[in-house]
There are 2 protein chains.
Amino acid sequence: MLSAGKTFRHGQILRLVSDGSIANQEDLRRRLAAQRLRVTQATLSRDLQELRLIKTQRGYKSASTLPDDQSPERPLARALGEFLLDIRPAENLLVLKTPPSGAQPLAAAVDGAKFPEIAGTIAGDDTVLIITPNKKSRESLQRRIEALLK
Amino acid sequence: MLSAGKTFRHGQILRLVSDGSIANQEDLRRRLAAQRLRVTQATLSRDLQELRLIKTQRGYKSASTLPDDQSPERPLARALGEFLLDIRPAENLLVLKTPPSGAQPLAAAVDGAKFPEIAGTIAGDDTVLIITPNKKSRESLQRRIEALLK
DNA sequence: TATAAAAATACAGTAGGCTGTATATTTGAA
DNA sequence: TTCAAATATACAGCCTACTGTATTTTTATA
């Protein structure tokens, strides 16, 4: 299904939720159904989890400011699968090559993974530069990233 | 398998091929195997097709300069699945919302699809603005894009 | 043209992602 | 606390992408 359905649904959920008038998942389900997006409550439960939306008195709200107890490597694994073309080590630096325009999303995913080895990242159009304190930490990071590939 | 293997393998194929020393698919297979990427000749045949690499006297070469007879909507469908959060029509304009940093890649994919309705696109960080000559063409374009969603 | 090497593909199996159904758990109000 | 509503999840099915095997088709060379 290419998952376009899911991503688009997520966008619609964010939009509906930001309007602030969603009382519960059944409510959300009806709103989506009204625009031809028919899914079950179970699916919405999963969606809200993936989107990190938590319920408040006034509807749902982003939980992105809350502690990050989810595994941060999941979205990174996806991004790597989608974008990574090559890994090039260079002393304390790690260069990730992507197709044109792939660097920004991949860098965001790398940042999101919050690897302790990483001092910082810089992304251009098709290149992500990851800076680590030293060669050892780069090697460690590289192993962890490569482990996410297969 | 998350296809991480495939994208990364494609990157490695591009790298090996650019070195110019690949004689044939069996040769390429051995080179990849030497770096722990073990696949069959059949898979490489498919990879080279996807990468549009054609054989020349001196190895393989990009065929991207050749006429574009492939459907341009494939990568767009992927990009939409990956990035599209919302579609907002406005007279002769179509606004595509994406997650942060999603606009550039999505815009590139839209551009790549070469829709005749499109006069131009402008992308920021999370918004792609598509300009069409008039409302009719915007409606047409919108239908075509929405058809790629499911 | 005949032949062998190279490349392409038909076919089938595998694996993972997504979703619905049905059920369990949690939450909140009385 | 108790009950009903709301939410989460175990389970299974479906679908698609990917890949290997085995074979066919193409290419190039003698």
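By convention in this document, chain letters (A, B, ...) are assigned in the order of the sequence lines, proteins followed by strands, and residues within each chain are numbered from 1.
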Could you go step by step and tell me if A:Arg138 and A:Gln142 meet the side-chain hydrogen bond (donor to acceptor under 3.5 Å, both in side chains) rule? CA-CA 6 Å; A:Arg138 188 269 295 159; A:Gln142 184 174 355; 2.8 Å; yes
Round to the nearest Å and state the distance from B:Leu53 atom CG to C:dA7 atom C1'. 14 Å
How many whole angstroms separate atom CD1 of B:Ile54 from atom P of D:dT27? 13 Å
I'd like to check the salt bridge (charged side-chain N to carboxylate O under 4.0 Å, His left out) partners of B:Asp126; sequence neighbours left out, ordered by chain and number. B:Lys97
In B/S/- notation, 5' to 3', how is nucleotides 3-12 of chain D contacted by protein heavy atoms closer than 4.0 Å? ---SBBBB--
Atom pair distance, as rounded to whole Å: CZ in A:Arg9 and P in C:dG17: 16 Å
Which is it for B:Leu94 and B:Arg88 under the side chain to side chain contact (heavy atoms under 4.5 Å, CB included) test, yes or no, and what are the steps along the way? CA-CA 6 Å; B:Leu94 198 58; B:Arg88 302 177 187 172; over 6 Å; no
Only counting residues at least two apart or in another chain, list the ones meeting side chain to side chain contact (heavy atoms under 4.5 Å, CB included) with A:Thr43. A:Arg9, A:Val39, A:Thr40, A:Arg46, A:Asp47
Length of the CG-C1' vector between A:Leu37 and C:dT19, whole Å: 14 Å
To the nearest 10 degrees, the angle between the two end axes of the helix from C:dT1-D:dA30 to C:dA30-D:dT1 (five pairs per end) comes to 30°
Could you tell me which residues satisfy side chain to side chain donor-acceptor pair (under 3.5 Å) with B:Glu139, sequence neighbours excluded, listed by chain and number? none
Mind checking salt bridge (charged side-chain N to carboxylate O under 4.0 Å, His left out) for A:Arg29 and listing every partner two or more places apart, or none if nothing turns up? A:Glu26
Taking CD from A:Glu82 and P from D:dC18, how many angstroms apart are they, rounded to a whole number? 10 Å
What is the distance, to the nearest angstrom, from the CZ atom on B:Arg52 to the C1' atom on C:dA8? 17 Å
Answer with base, sugar-phosphate or nothing: what part of the nucleic acid does A:Arg38 contact at a heavy-atom distance below 4.0 Å? sugar-phosphate
Find the distance B:Arg78:CZ to C:dG17:P and express it as a whole number of Å. 14 Å
B:Lys136 vs B:Asn92, test: side chain to side chain contact (heavy atoms under 4.5 Å, CB included). Steps then yes/no. CA-CA 8 Å; B:Lys136 285 287 183 198; B:Asn92 67 317; over 6 Å; no
Pair A:Glu117-A:Thr132, side-chain donor/acceptor within less than 3.5 Å: no
Report the C-alpha separation of A:Ile145 and A:Leu80 in whole Å, then their side-chain angles, then the decisive distance to 0.1 Å, and conclude whether the side chain to side chain contact (heavy atoms under 4.5 Å, CB included) test is met. CA-CA 9 Å; A:Ile145 288 178; A:Leu80 290 170; 4.0 Å; yes
Could you check how far NZ of B:Lys6 sits from C1' of D:dG20, rounded to whole Å? 15 Å
